[in-house]
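If you read the sequence from its start, that first residue is 1, and numbering goes on from there. Given the structure is predicted, the values throughout are model-derived calculations rather than measurements.
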Amino acid sequence: MQFSLLNSLQRCVRVVVILQPHQSLVLFSTILAVPLAKTDTWPKDMNILALEVYFPTHYMDQTDLENYNNVEAGRYAVGLGQTHMGFCSIQKDLNSLCLTVVQQLMECMQFPWNSEGWLEVGTETVIDKSKAVKTVPMELFQDSGNTDIEGIDTINACYGGTASLFNAANWVESSSWDVIVSGDNAHPTGGARAVTVLVGPKAPLTLERGTHAKNIYDFYKPDTATEYPSGWEALHPVLPMGLEQLASVDDLQFMIFHTPFCKMVQKSLARLMFNDFLSASSDTQYRMSTLEPSKDGLGASGLILTCHSLQKASLDMFNKKTKASLYLSMHYRNMYTSSLYGCLASLLHSAQDLAGSRIGAFPYSCGLAASFFFFLLLSFFFFFFNFKCLGMLLQLRSPLEKLVSSMSDLPKCLTSQKHMSPQEFTEIMDQREQFYHKVNFSPPGDMSSLFPGAWYLEQVDMLYRYDILQGW
C-alpha cells in the first residue's frame, strides 16, 4: 500500500508519507512555497537537478575494428584510448533518441509533465532545416496539456548542449523548470548518445562560466547531402587565450572535457597543466620538472617539449582528476554535443567524495566556440525517518546523493548492449547512407535489438514526415 502527499516538483514545503510493510518514510523538503517569479528573491544555486543518459544498443569492439581495417594492434584501443564504439542502426535517429531520453528522465525521477517551462535541444545533427527537433519530444507533454514550453534548438558542432545549458540557467528564475536535451549520431569519429538535463534552483550542481568564440574553419559541414561532416582540419582542443586564467588545475578537484576520443582528453589535461606551469604555480612547476627535452618543437616558455612528455608529467593528475569521467566515452567514443555531459554522468557514477568538489568543464566547438566553467557540488539535506524492526534510524540524504544514485545503472545498461562485428557495422552504416534523405520507406531492422520502451523510427512518408513509435 502506498500513499503520497508530494507532487515532487511543486514549489512548496511538502511532506511525503509512504506506507509499506514493516516500513514508513517521512521526507521534509525545503522547496519554495511561492513561484519564484512572484517573489522578490533571486533564485540561488540554479543548475542541474537531474541527469539522464541514453545510448543505443549496438556497439563494436575496437580491437575487432583494428583487425578488420588491417591496422597495427592498439591503433584504436591504445592510440585513441577506446575499448568500444557505439553506433545507431537505421531505426534510431536524433528524434527517437531525444524522445527516449526525455521520457526516461521524467518517468524515472517522477517529475510532473506540467511543471516544465523550457525545453531546448542542443545538437549538430540537422534533420529538417525548418522544423525544430524540440517539437518532437513535445509529443510527450500532450496528455498533460502542457504546451506552454519555451525554448527551441541550438545547433552548433559539439557546443550545442553547453549553449542550451547556459540558456536554461539564464531562464530558470521563472516559475517553471527547464529541460535541455543534447544528442547526436556521429560516424566519422564514432558514437551516438543523448543526454537530458533538468535545470532548476536549489540544485546540487551550480556553475560559474567564461566563454571564448571566434571565426575559424577547423571542422564544418558545408555539404548537407551527407549525414556526416565533410570538411575538417586537425584539432587539438587547447584552452583559448583568456579562458586559461580562470582557474588552475590545482584549484579543481576534477576536470572534464569535450571528448572526441579519450587520448585527446589526456593531451588536453596535460596542456592545461602546462599552462599552469607557465603561470609559475609552484606545485605544478615541481610536477612538470620531469619534462623531457625533444626536437619536436619549441614550447611557449622556450622549453622544447613533446606531447608525450607533457602526458607523462601529468599522468598522476589525469588519473586523479579526469580518468573517472571517461567511463562512457571509452565505450562509445565521440558523442558530439552530449559528450561533456556524458563525462559528467561518468564522474558522478565513478568518483568518490564528491560533496563540496569543484569540477572544471571545458566544452569545445569547432568554428569556434569554447567555454571554461565550473560545477560546484553542493549538498542540501533531506531528513528520512526509517522505522524497521521496531527501531528508528535517522538518515541524511541530499539532492546530490540522489543525483549520484541515479547514475548507478550505467554499468547494467552497458552490459545489456548487443555486440556487433565490423562487418555488421559497415552494413548498417551503408544502410544509413542509402536511406539518408529518402522518402516513403520503413527502416529495416529487428525490434528485439532495441532497449525496452525506446522510441524508434517507424517510417518516413512521401512528404518527409517522420513516424516515430515507442517500442515494447
task: Answer yes or no: is there a side-chain heavy-atom contact under 4.5 Å between Leu354 and Val404?
output: yes

- request: May I have all residue pairs that pass ring-ring contact (aromatic ring centres under 6.0 Å, His included) and include part of residues 443-469, sequence neighbours excluded?
  value: none

field: Check against side-chain contact (heavy atoms from CB on, under 4.5 Å), His58 and Cys88
entry: CA-CA 7 Å; His58 297 114; Cys88 282; over 6 Å; no

field: Ile428 side chain near Met420 side chain, heavy-atom distance below 4.5 Å
entry: yes

query: Distance only, no hydrogens: is a donor on one side chain within 3.5 Å (strictly under) of an acceptor on the other, for Ser416 and Lys412?
result: no

message: Side chains of Glu120 and Thr154: any donor to acceptor distance under 3.5 Å?
response: yes

task: For the pair Val460 and Leu457, evaluate side-chain contact (heavy atoms from CB on, under 4.5 Å) and give the outcome as yes or no after the intermediate values.
output: CA-CA 8 Å; Val460 179; Leu457 177 62; 4.2 Å; yes

query: Does the side chain of Gln103 pick up a donor-acceptor pair with the side chain of Gln470 at under 3.5 Å?
result: yes

message: For a quick test of reading the model, state the closest non-hydrogen atom pair linking Gly122 to Thr337 and the distance between them.
response: O-OG1, 3.1 Å

task: Tell me yes or no: between the side chains of Thr162 and Tyr341, is some donor less than 3.5 Å from an acceptor?
output: yes

field: Sequence-distant partners of Ser144, side chain to side chain donor-acceptor pair (under 3.5 Å), two or more places apart
entry: none

query: Do Leu414 and Pro411 have side chains that get closer than 4.5 Å, going by heavy atoms?
result: no

message: Please confirm whether the ring centroid of Tyr159 lies under 6.0 Å from the ring centroid of Tyr364.
response: no

query: Quick one: does Asp461's side chain get under 4.5 Å of Asn440's, heavy atoms only?
result: no

Close aromatic pair by centroid cut-off 6.0 Å: Phe373 and Phe166: yes

Aromatic ring proximity, centroids under 6.0 angstrom, Phe87 and Tyr59: no

query: Can you name the closest pair of heavy atoms from Trp171 and Gly117 and give their distance?
result: CH2-O, 3.1 Å

task: Could you pull out the closest heavy-atom pair between Ser164 and Val121, with the gap in Å?
output: OG-C, 3.8 Å

- prompt: Is any side-chain heavy atom of Val249 less than 4.5 Å from a side-chain heavy atom of Met255?
  reply: no

